[in-house]
Amino acid sequence: LAKTTQPISMDSYEGQEVNITCSHNNIATNDYITWYQQFPSQGPRFIIQGYKTKVTNEVASLFIPADRKSSTLSLPRVSLSDTAVYYCLVGGAYSGAGSYQLTFGKGTKLSVIP
Amino acid sequence: KAGVTQTPRYLIKTRGQQVTLSCSPISGHRSVSWYQQTPGQGLQFLFEYFSETQRNKGNFPGRFSGRQFSNSRSEMNVSTLELGDSALYLCASSSSAGRGGEKLFFGSGTQLSVL
């Protein structure tokens with residue numbers, strides 16, 4: 001079961017690029033890395049997912065080094081509306097009864113300052 | 001497509017009572033998973049159902065149970081409520097063919113308060 005470690009909180013000014021790193025030293029071969037965003041009193045929302053190297057979509061980029069023991073979520077030019085908690089999730093591959101494991105870390109509370 | 005629907009949105013119960021929460025997944029999704037979120041413990045996995053079968057269970061006491069119906073809708077039940085069960089209960093659905101890379105779609109949750 002891959003445990004994840006993220007910074008508890010981060011502050012950033014509007015317009016800056018924000019990088020949030022997640023450590024997952026015992027990631028399994030078939031595990032994917034997924035990031036979610038959560039606003040207060042709402043369920044988490046999918047941001048981006050990757051397996052290795054770099055993935056980019058319209059809202060973020062995800063960098064995964066070759067050893068896959070960490071990953072970095074990059075948010076370009078953040079705005080006030082990006083203030084939220086960001087979760088790194090490792091797992092998702094079902095390989096037999098009882099082995100479907102999903103581990104959410106404590107999340108990183110990002111505060112964007114005007 | 002409609003999103004994941006959880007009912008009720010808010011619930012107040014007293015200790016010792018039981019509660020049932022409902023989750024309707026996105027149409028076509030066969031996997032439903034449940035999570036408990038508290039300020040102290042964060043997001044914790046309760047269990048996951050796929051095609052009416054529980055595939056995996058987290059580390060919660062037997063007072064927490066669930067089931068899934070043939071239309072993929074799921075219910076979660078907590079019996080003999082304790083004060084510590086006060087939390088936001090979230091459900092998520094995914095298409096989950098078991099090939100990995102699951103993308104979860106979460107509902108807005110049920111905020112349960114136990115008095």
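Every chain is numbered from 1, with letters handed out A, B, ... down the list of sequences.
Only the side chain of Y87(A) comes within less than 4.5 Å of a heavy atom of chain B; its backbone N, CA, C and O stay farther away. Interface residue L43(B): backbone and side-chain heavy atoms are both found under 4.5 Å from chain A.
By the 6.0 Å contact criterion, CG on N59(B) is open, its count of non-hydrogen atoms from other residues, nucleotides or ligands being 12 or less. Few gaps surround CG on L115(B); more than 12 heavy atoms of other groups in view lie less than 6.0 Å from it. Atom NZ of K109(A) is surrounded by 12 or fewer heavy atoms from other residues, nucleotides or ligands within 6.0 Å.
Rounded to the nearest 0.5 angstrom, Q38(A) CD and F106(B) CZ are separated by 8.0 Å. In this structure, S41(A) OG and Q37(B) CD are separated by 9.5 Å, a value rounded to the nearest 0.5 Å.
Chosen from Q111(B), Q54(B), Q44(B), R9(B), the residue pairing most often with chain A at heavy-atom distances under 4.5 Å is R9(B).
Of all non-hydrogen atoms in F46(A) and K103(B), the two that sit nearest each other are CD2-CE, 3.3 Å.
Between L104(B) and L89(A) the shortest side-chain heavy-atom distance falls below 4.5 Å.
Residues Y89(B) and F105(B) do not share a hydrophobic cluster, clusters being chains of Ile/Leu/Val/Met/Phe/Trp/Tyr side chains in contact below 4.5 Å. Both I20(A) and L80(A) are members of a single hydrophobic cluster when ILVMFWY side chains are connected at heavy-atom separations under 4.5 Å. I27(A) is connected to V55(A) through a chain of hydrophobic side-chain contacts under 4.5 Å among Ile, Leu, Val, Met, Phe, Trp and Tyr, so both are in one cluster.
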